[in-house]
Amino acid sequence: MSDKNANPYKSTLNLPSTDFPMRGDLPKREPLTLARWEEEGLYARIRENTASRETFVLHDGPPYANGVIHIGHAVNKVLKDMVVKSKLLSGFDAPYVPGWDCHGLPIEIAVEKKYGKVGTRLDAVEFRQKCREYAAEQIELQRTDFKRLGVIGDWDNPYRSMDFSYEAGMLRSLAKIIERGHLVRGSKPVHWCFDCGSALAEAEIEYADKVSPAVDVAYTALSAEKFATRFGAVADADVQVAVPIWTTTPWTLPASLAISVGPAIDYVLVEGPARADGGRRWLVLAETLAAAALARYGVDEVIVHGHAKGEDLESLVVQHPFYAEREIPLLLGEHVSDEDGTGNVHTAPGHGQEDFAVARQYDLIQQYTAAQINPVDARGVYLPGTPPMGDTALEGNHIWKANDIIVDALRGTDALLAATRTEHSYPHCWRHKTPVAFRATPQWFISMDKADLRADALQAIKDVAWIPEWGQARIAGMVEGRPDWCISRQRTWGVPIALFIHRISGEPHPRSVELMYQVAALVEAEGIDVWYSLDPASLLGDEAGDYEKVTDILDVWFDSGVTHECVLAQRPEDGLRKPADLYLEGSDQHRGWFQSSLLTGVAMDGAAPYRQVLTHGFAVDAAGRKMSKSLGNVVAPQKVIDAMGADVLRLWITSADYRNEMSVSDEILKRSGDGYRRIRNTARFLLGNLHGFDPATQLMPVDEMVELDRWIVHRAYGLQQRIVDAYAAYDFPEIVQILANFCSVDLGSLYLDVTKDRLYTMQENSPGRRSAQAAMYRIAEAFVRWIAPILSFTAEEMWNHLPAVTANGSREGNVLFATWYDGLAPLPDDAPLSADDFKRLLALREQMSKVLEPMRAEGKIGAALDAEIALRCGVADQNWLSPFVDELRFLFISGDVYMSSNDAASEIEVIAIPSTKPKCGRCWHHREDVGTHAAHPTLCGRCVDNVDGNGEHRKWF
């Protein structure tokens with residue numbers, strides 16, 4: 001009802017009243033709520049409140065402690081927060097202990113920029129201390145932003161991988177892995193970043209396009225006759241046989257020790273281009289690639305001299321293209337394909353994992369020195385003593401420069417058959433964005449196959465619920481094909497691999513596990529610096545002279561990969577345990593944290609450290625592009641919060657389908673703001689109409705309520721089941737859709753609109769009004785819980801404005817102390833109006849609206865109250881409508897509704913005419929009896945009764 005025309009009866013209306021503001025003013029109001037949560041110790045109170053419940057453990061994957069948070073951080077933390085809060089409402093004890101990953105190269109680089117490399121201005125101990133201080137500063141910045149998002153957790157007691165207790169836990173974890181036989185040492189090719197000066201893990205590699213030289217290089221057979229024989233051919237004395245390889249890394253040719261051929265591939269011996277001296281040359285090529293390869297060499301016609309399987313070529317020998325004294329054997333390798341190149345793979349064991357594997361299989365590596373296997377140092381420069389190519393020196397040159405040097409030196413020789421440039425996908429360091437190379441260096445590995453780690457991990461994957469389901473196949477494929485995990489790094493800021501190795505044999509001390517536990521105890525007391533200052537004799541006694549300390553540090557993926565042991569298993573007093581119920585991170589963590597946690601969990605305990613794994617996509621702009629400063633499409637969560645509030649950002653995160661890329665832009669956020677206002681307006685309407693309502697004494701039982709009120713409670717009951725199920729299935733967009741429809745359709749355009757008349761015009765304590773308030777109270781109690789995991793600040797605000805159920809009139813606690821509301825109820829089978837009845841009535845209401853639309857457009861009526869409705873229907877429909885037809889005008893918000901007979905009608909026909917009856921000045925209904933009451937000449941009889949009499953009665957609507 002409005003104040004238009006200065007209604008003299010306004011004081012008799014029960015208009016909404018609430019202190020819950022229409023405007024959220026979230027940027028100003030949310031920080032006040034945060035301060036109150038902090039002051040009240042909300043997280044500790046929640047834990048006290050849920051102490052006796054069954055636990056649900058969501059384990060926080062640690063973000064890296066470097067830089068302010070971005071939109072991806074916000075997505076991740078809010079999704080986790082929604083899970084935790086929904087589990088609290090579902091009756092669980094759901095602790096949330098946040099954490100940070102603190103060691104590693106990015107922090108080293110940040111400290112180096114300020115103080116220089118170790119030994120410049122700071123020694124190693126001082127440098128590590130500066131790294132520790134820098135990480136602590138970054139954590140504080142990120143913690144502030146995470147809390148501002150409304151994320152509730154144990155922020156005062158997080159886990160940090162640089163804490164002494166955690167660093168000690170890492171060593172104990174490594175000791176368990178060693179004890180179970182998974183650690184090996186070897187000189188294997190690993191991804192090496194020349195900028196980092198260290199080995200990289202698979203998870204630290206990203207692929208980007210790179211332009212490289214692409215060359216075909218011929219390796220001349222030592223015996224053309226032996227090759228020809230294998231192909232069933234006869235070579236004349238002047239015929240030379242050569243095996244061409246194709247490579248995009250000419251810099252690896254100095255380390256070429258073999259050629260691999262595919263055992264099942266069909267090869268042909270074909271006529272190749274003439275030699276420089278005019279002699280004939282036959283080439284060995286995969287049959288499917290022969291024509292394309294010859295075309296590169298300027299040969300138009302394919303002349304085949306013989307056929308052979310790859311397995312028939314094993315042990316044949318060719319000559320290195322520029323180290324004439326080096327004999328190159330042909331090996332069989334399952335990794336060789338005939339999809340591109342020549343079908344012959346140049347094999348440099350020091351610069352490729354598959355090359356290394358096949359060379360080891362043939363015991364080739366033992367025949368060469370370390371410098372021959374890997375002639376490249378940590379900077380990417382050829383070692384001193386690297387043999388030259390004739391007059392062309394290689395030593396001292398960087399490998400990327402050497403590509404062109406080697407190709408130029410091969411030009412004009414019979415060895416170079418073709419040279420072009422090609423753009424291809426190439427591994428890069430994820431930090432420096434620079435190309436990496438494989439280098440064989442002494443490293444420590446967690447073996448994937450020793451002690452059956454790979455097989456056990458693949459089995460463990462099957463025991464985990466992956467959300468979405470495709471996550472299982474993705475991580476299984478990665479584990480199935482991954483190499484051994486190189487866990488050693490040659491850096492300063494990290495946890496040392498606390499092993500003593502024999503100075504001559506290089507073997508770890510036979511008591512390595514026991515010794516590592518002893519070192520862990522020292523680290524727990526003094527930190528990682530104790531390892532570097534430790535006198536080996538204090539642990540080894542007289543043996544100390546035979547052993548030296550390993551100074552390599554652990555891969556940061558090992559740091560975070562053992563959180564299940566260092567955090568979950570060590571903090572039972574905080575409600576933690578392993579396995580965790582849920583790990584939740586971005587889709588890149590199948591190759592990162594999900595996998596490192598899986599491998600360490602299986603290596604230590606024989607099982608995955610998690611029961612469920614949820615993966616979310618990345619935030620992209622409205623066009624699906626990645627966030628980029630250069631594109632100007634970065635959406636900073638801090639700016640969104642400052643402009644619109646955290647709850648609007650949370651609503652966008654909830655509504656976006658995390659199973660795919662999540663589009664965000666100013667326009668998309670504006671729509672989230674609109675959606676937020678609909679939810680807030682609904683909450684405000686409910687609260688406004690609960691003014692003066694005391695649920696402790698006035699909450700009417702459901703079965704005594706007006707039928708429309710019973711129906712809306714029934715609707716809310718059904719929606720709550722769907723919402724609870726959606727939270728359990730982590731289907732957050734479904735929840736937003738349910739809420740939006742309920743606010744706009746069930747409540748906004750129907751129930752709240754219909755019940756205004758009852759709420760405003762009936763007597764304050766009348767059963768009809770109390771019935772509506774009872775329904776709204778029940779809905780509000782359920783609604784505040786539904787939105788609490790999503791709109792945490794708004795739910796808190798709404799909770800504090802709801803009528804109290806306590807005797808002292810105050811509303812105690814917090815919505816997160818509650819569980820899903822149990823005051824809703826479905827319509828019983830014997831209800832006077834069933835759910836199907838309401839479905840038919842609402843369809844009839846919609847039918848009536850369509851009849852009124854053209855009348856309104858033509859100016860015949862204003863509101864639906866100005867029209868009278870006739871329902872022409874058959875006997876069955878008359879019987880159905882007759883009990884409540886007199887009250888249908890309230891459901892339709894129209895003038896009088898009449899029912900007329902049309903026995904031939906199979907459906908109800910709606911007819912409308914403008915009402916000619918006078919309009920009540922209080923309720924605005926057109927009624928015949930307006931003006932017939934001397935004391936109240938402008939009121940209808942119903943309003944007179946509500947103002948001065950005993951009040952009206954409503955049963956149906």
Check: When you check the side-chain N and O atoms of H925 and R889, is any donor under 3.5 Å from an acceptor?
Finding: yes
Item checked: Check: D642 and P27 side chains under 4.5 Å, non-hydrogen atoms -> no
Notebook entry, point to check: Within the side chain of R942, is there an N or O that forms a donor-acceptor pair under 3.5 Å with the backbone of E952?
Noted result: no
Note to self: Just so I know, are the side chains of P883 and K955 near enough to count as touching, which here means a heavy-atom distance under 4.5 Å?
What the structure shows: no
Notebook entry, point to check: Taking the side chain from R722 and the backbone from G718, do they hold a donor-acceptor pair closer than 3.5 Å?
Noted result: no
Next item on the list: Any chance you could lay out the salt bridge (charged side-chain N to carboxylate O under 4.0 Å, His left out) test for D896 and R927, step after step, and finish with the verdict?
Entry: CA-CA 8 Å; D896 280 327; R927 308 299 294 163; 2.3 Å; yes
Margin query: Just so I know, are the side chains of V885 and W956 near enough to count as touching, which here means a heavy-atom distance under 4.5 Å?
Written below: no
Margin query: Quick check: do R680 and R684 have side-chain heavy atoms less than 4.5 Å from each other?
Written below: no
Please tabulate, one pair per line, all N/O donor-acceptor pairs under 3.5 Å involving side-chain atoms of residues 855-864, not counting sequence neighbours.
unit_1: R856; atom_1: NE; unit_2: G862; atom_2: O; d: 2.9
unit_1: E858; atom_1: OE1; unit_2: K860; atom_2: NZ; d: 3.2

Next item on the list: Any pair with a residue in residues 26-42 that passes salt bridge (charged side-chain N to carboxylate O under 4.0 Å, His left out), sequence neighbours left out, goes on the list, sorted by first then second residue, please.
Entry: R29-E797, E30-R148, R36-E40, R36-E796, E38-K147, E40-R45
Next item on the list: Hey, can you tell me if W711 and F838 have their rings parallel, tilted or perpendicular (30° and 60° cut-offs)?
Entry: parallel
Note to self: Donor-acceptor check, side chain of S915 to backbone of H926, threshold 3.5 angstrom: yes or no?
What the structure shows: no
Checklist line | Salt bridge R650-D81, side-chain N to carboxylate O under 4.0 Å | finding: yes
Item checked: E907, CD atom: more than 12 neighbouring heavy atoms under 6.0 Å -> no
Notebook entry, point to check: Would you say the side-chain atoms of Y777 and Q773 include a donor-acceptor pair closer than 3.5 Å?
Noted result: no
Margin query: Tell me whether the count of non-hydrogen atoms from other residues, nucleotides or ligands lying under 6.0 Å of CG in N879 goes above 12.
Written below: yes
Notebook entry, point to check: Counting distance only, does the side-chain N/O of T682 pair as donor-acceptor with the main-chain N or O of R678 below 3.5 Å?
Noted result: yes
Note to self: If the test is side-chain contact (heavy atoms from CB on, under 4.5 Å), which one of L844, L888, L852, V851 qualifies with I869?
What the structure shows: L852
Next item on the list: Report the distance from atom NZ of K80 to atom CZ of F146, rounding to the nearest 0.5 Å.
Entry: 8.0 Å
Next item on the list: Rounded to the nearest 0.5 Å, what's the gap from CG on L699 to CZ on R770? Could you check?
Entry: 11.0 Å
Side-chain donor-acceptor contacts of residues 815-831 below 3.5 Å, not counting sequence neighbours, with atom names and distances?
unit_1: W820; atom_1: NE1; unit_2: S90; atom_2: OG; d: 2.9

Note to self: Return the CD to NE2 distance between E764 and H691, rounded to the nearest 0.5 Å.
What the structure shows: 8.0 Å
Margin query: So L833 and F884, do their side chains get closer than 4.5 Å, heavy atoms only?
Written below: yes
Notebook entry, point to check: Per the side-chain contact (heavy atoms from CB on, under 4.5 Å) rule, which among V944, V930, T932, N946 passes with L939?
Noted result: V944
Next item on the list: Verify whether one side chain among H801 and D19 offers a donor that lies under 3.5 Å from an acceptor in the other.
Entry: no
Check: Between Q763 (side chain) and G949 (backbone), is there a donor-acceptor pair under 3.5 Å?
Finding: yes
Next item on the list: Answer yes or no: does atom NE2 of H933 have more than 12 heavy-atom neighbours from other residues, nucleotides or ligands under 6.0 Å?
Entry: yes
Next item on the list: Keeping the roles fixed (side chain from S744, backbone from N741), state whether a donor-acceptor pair exists under 3.5 Å.
Entry: no
Next item on the list: Evaluate the side-chain proximity of F685 to N681: yes if any heavy-atom separation is below 4.5 Å, no if none is.
Entry: no
Notebook entry, point to check: Just wondering, do P914 and T916 contact through their side chains at under 4.5 Å, heavy atoms?
Noted result: no
Check: From R53 CZ over to R47 CZ, what is the distance, rounded to the nearest 0.5 angstrom?
Finding: 11.0 Å
Note to self: So for atom CD, which belongs to E928, do other residues, nucleotides or ligands contribute more than 12 heavy atoms lying within a distance under 6.0 Å?
What the structure shows: no
Next item on the list: Evaluate salt bridge (charged side-chain N to carboxylate O under 4.0 Å, His left out) for R710 paired with E707, printing each intermediate quantity in order.
Entry: CA-CA 5 Å; R710 296 182 68 180; E707 293 305 314; 3.5 Å; yes
Next item on the list: Rounded to the nearest 0.5 Å, what's the gap from CG on N689 to CG on N14? Could you check?
Entry: 9.5 Å
Note to self: Rounded at 0.5 Å granularity, tell me how far CD1 in I908 sits from CZ in R872.
What the structure shows: 12.5 Å
Margin query: Among D709, L841, T755, which residue satisfies the side-chain contact (heavy atoms from CB on, under 4.5 Å) criterion with F957?
Written below: L841
Check: Between R677 and D674, is the closest basic N to carboxylate O distance under 4.0 Å?
Finding: yes
Check: Is there a donor-acceptor pair closer than 3.5 Å between any side-chain N or O of R922 and the backbone N or O of T761?
Finding: yes
Next item on the list: Just say parallel, tilted or perpendicular for the rings of F793 and W37, cut-offs at 30° and 60°.
Entry: parallel
